[in-house]
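To keep things clear, I will list the structure first and then write my remarks on it.
Since we're looking at a predicted model, the values are computed, not measured. All values below were derived from every heavy atom in this structure, side-chain atoms included, with hydrogens, water molecules and symmetry-related copies excluded.
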Amino acid sequence: MSGPAVQPLRLALVGNPNCGKTALFNLLTGSRQKVANYAGVTVERKEGRLLTPAGRTCVLLDLPGAYSFHAASLDEAVTRDICRGFYPGEPAPDLLVCVVDATNLRLHLRFALEVRALGKPMVVALNMMDAARRRGIEIDPQVLQRELGVPVVETVAVHRDGGKALLAQLDAMADRLSPPVLQDLTEIGTGSSPEQKLHEETRRLLTLAVCMPTRTAHVDDVLDRWLLHPVIGLLTLAVVMFLIFQAVYAWAAPLMDAIDAATVWFGAAFGEQLPDGPLRSLLVDGIVAGLGGVIIFLPQILILFAFILALEESGYLPRAAFLLDRLMSKAGLSGRSFIPLLSSFACAVPGIMATRSIQDPRDRLATILVAPLMTCSARLPVYALLIGAFIPQREVWGILNLQGLVLFGLYVAAIVSALLVSWVMKRWRRDKGEHALMLELPSYRVPNPRDLLIGLWERMMIFLKRVGGIILALTILLWFLLSFPGAPADAVGPAIDYSFAGRLGHAMTAAFAPLGFNWQICIALIPGLAAREVAVASLATVYALSAADDTAAAQALSPLIAQDWSLATALSLLVWYIYAPMCISTLATIKRETNSWKQMGFATVYLFVLAYAASLVTYQVAAAMGAG
């Protein structure tokens, strides 16, 4: 008879931001990861499994980065409560792995002392030891281990065998770990450890165990001399952002062509195997045309994500925040708003969630309200469709891509609009106060390809699940609304005009005709409220169902709208999507983060007003200039 099953050892990685904790998590768990949210909050939860050399299975939790257990943000509060074993519905970890940056022990050791004060089993992982040696930093792990009273191991998260010592230490400690005892640890690490004592103990440990020739690396000093220059630094940042948007078009084109060809092939294959009827229409005109019209833009989205992840891994993003602090403060924001707003280029939801790192309530609210103006990746399919259909693909000055220039201009328009809106909010609230920026500038490092690939894989799966979930459901619903009821026997127009969606679209044109929107665009706006990228799938479905014959239905969407729309209409729709009211998930996140229906309603109304007014001006001016 077999004995009781051995429960996996529960480990938790804890440490300051920029300590390499997530890179170590990726090294130990690889692709065996699950990403979700903690119960009741929007903080991301990452869990993975690993196998030690002795064959022991462990569950590893990557906790949000924290500077202190004196929580100044929701992320830090979650980390504190889980480490103490008090977080609802979250089992207490058996062992804490405190990751510290070996090149910045002056900051990171202080937090390790707070973790030790919890009285739980722990290991200190001296991460980035390779970088410390290159800088000539001498660290004696044995002295640190003796003085701290806990095991200290060296790790290099960017090397394949960089976690070997940690895994061996886990095996050595596993059999000695007793089941966690939940006790009242409210005062441990807070009241009983005053800040002054923590700093004094940190200085004592540094004196005993660390010999640091300089406080900063020579390479960091040289790069910062240029990249943090008030003029050269800003120009460099502008060039970096410009090159990103050029690459989004130039690099993605071959992959997009391949996906487009595959979509046409699948549609034709389904069409040949099925007789005419509702099922064939659903598969070809609804699912294949709708989903294919969104998936085709996956390469561009992944390229944009790759650049953002690389800039974050390199240590450049905090420096960009520092550079932009003065400019953003004049607009009523701070440099801390830069990273949440840059995250919003990928998606406004994590961007809004990232504002929890902003301690000033006014700055945080202003950042939340302007984050939807950032050009999220969901807008990219719409931009790519319209730019590809109406902007010629030619070079400017022999080196620049005209379509990339237009895309860059749309992003710049969104950024300028966000700064203007924030400036108006500051004047409206009559806030004249200064909000000082304090942040850590990590050492520069080369992004680890493994971490980039894992990050891209996670984001690709999130996008595909979104396509396979909400977008698929909305595409099928839209197909039904466009297909039923059928046209009466004496109908003189296309059957789609008599459908539920056709009638609604024609009714909406009364309000949107001044913007140059036809009834097909009006239909696409409705499901676009649930997810912006659905607008492209909706247009593909509308035009497939309203095509005169099968040949026209099989054509790509771009030539169809280029033939049916004027340039003024295309420009108007591009401007609409700079300001368009955000998707429902973004609205829900604003409500959750502000705990205010009023703020959510304000964001919805002001974005709709901006979108309508800007599109109206764009269409009327463009039509008057002969673009209609």
Side-chain angles (χ1 to χ4, degrees), residues 290 293 373 379 381-391 406 410 413-414 417 474 477-479 481-483 485 487 491-548 552 557-583 604-628:
L373 285 171
R379 288 182 174 103
V382 181
Y383 286 172
L385 172 68
L386 297 178
I387 291 174
F390 291 92
I391 305 300
V406 173
L410 292 170
S417 298
L474 288 171
L477 176 61
L478 182 63
W479 168 85
L481 295 176
L482 287 165
S483 302
V492 293
I496 196 172
D497 287 352
Y498 299 92
S499 67
F500 296 122
R503 294 170 184 173
L504 179 60
H506 285 294
M508 290 175 62
T509 54
F512 288 95
L515 279 59
F517 293 179
N518 58 24
W519 66 271
Q520 292 98 330
I521 296 175
C522 291
I523 291 176
L525 295 180
I526 300 172
L529 291 174
R532 285 191 181 102
E533 59 268 52
V534 180
V536 174
S538 302
L539 286 171
T541 303
V542 169
Y543 276 96
L545 288 172
S546 58
L557 183 57
S558 289
L560 291 176
I561 64 172
Q563 181 181 359
D564 192 39
W565 301 359
S566 67
L567 176 59
T569 293
L571 295 175
S572 177
L573 189 58
L574 279 172
V575 171
W576 170 272
Y577 271 98
I578 295 177
Y579 307 102
M582 69 298 291
C583 58
T604 305
V605 170
Y606 100 78
L607 288 169
F608 181 84
V609 171
L610 277 179
Y612 195 95
S615 293
L616 177 64
V617 172
T618 300
Y619 178 74
Q620 297 299 331
V621 171
M625 294 177 65

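- The CG atom of Leu610 sits 10.0 Å away from atom OG of Ser615, with the distance rounded to the nearest 0.5 Å.
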Show me the donor-acceptor pairs within less than 3.5 Å that the side chains of residues 508-517 make with the rest of the protein, sequence neighbours left out.
unit_1	atom_1	unit_2	atom_2	d
Thr509	OG1	His506	O	2.5

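- When the ring-ring contact (aromatic ring centres under 6.0 Å, His included) test is applied to Phe500, no partner is found at least two apart in sequence or on another chain.
- Of the inter-residue distances, the one linking Gln520 atom CD with Asp564 atom CG reads 5.5 Å to the nearest 0.5 angstrom.
- With sequence neighbours excluded, no residue forms a ring-ring contact (aromatic ring centres under 6.0 Å, His included) with Tyr612.
- Going from atom CG of Leu574 over to atom CG of Leu567 covers 9.5 Å, rounded to the nearest 0.5 Å.
- Contacts of Val617 classified as side chain to side chain contact (heavy atoms under 4.5 Å, CB included), with partners at least two apart in sequence or in another chain: Val621.
- For Ala413, the side chain to side chain contact (heavy atoms under 4.5 Å, CB included) partners are Ile578, not counting sequence neighbours.
- In this view, Ser417 and Tyr579 satisfy the side chain to side chain contact (heavy atoms under 4.5 Å, CB included) rule, not counting sequence neighbours.
- What you find for Ala623 and Ala568 is that their closest heavy atoms are N-CB, 3.9 Å.
- To the nearest 0.5 Å, atoms CG (Leu573) and CG (Leu386) are separated by 5.0 Å.
- Annotation: the span from Ser572 atom OG to Leu616 atom CG amounts to 8.0 Å, rounded to 0.5 Å.
- By the 4.5 Å heavy-atom criterion applied to side chains, Thr569 and Phe390 are not counted as neighbours.
- Taken to the nearest 0.5 Å, the CD1 atom of Ile521 stands 11.0 Å off from the CH2 atom of Trp576.
- The shortest non-hydrogen separation linking Cys522 to Gly505 is CB-O, 3.9 Å.
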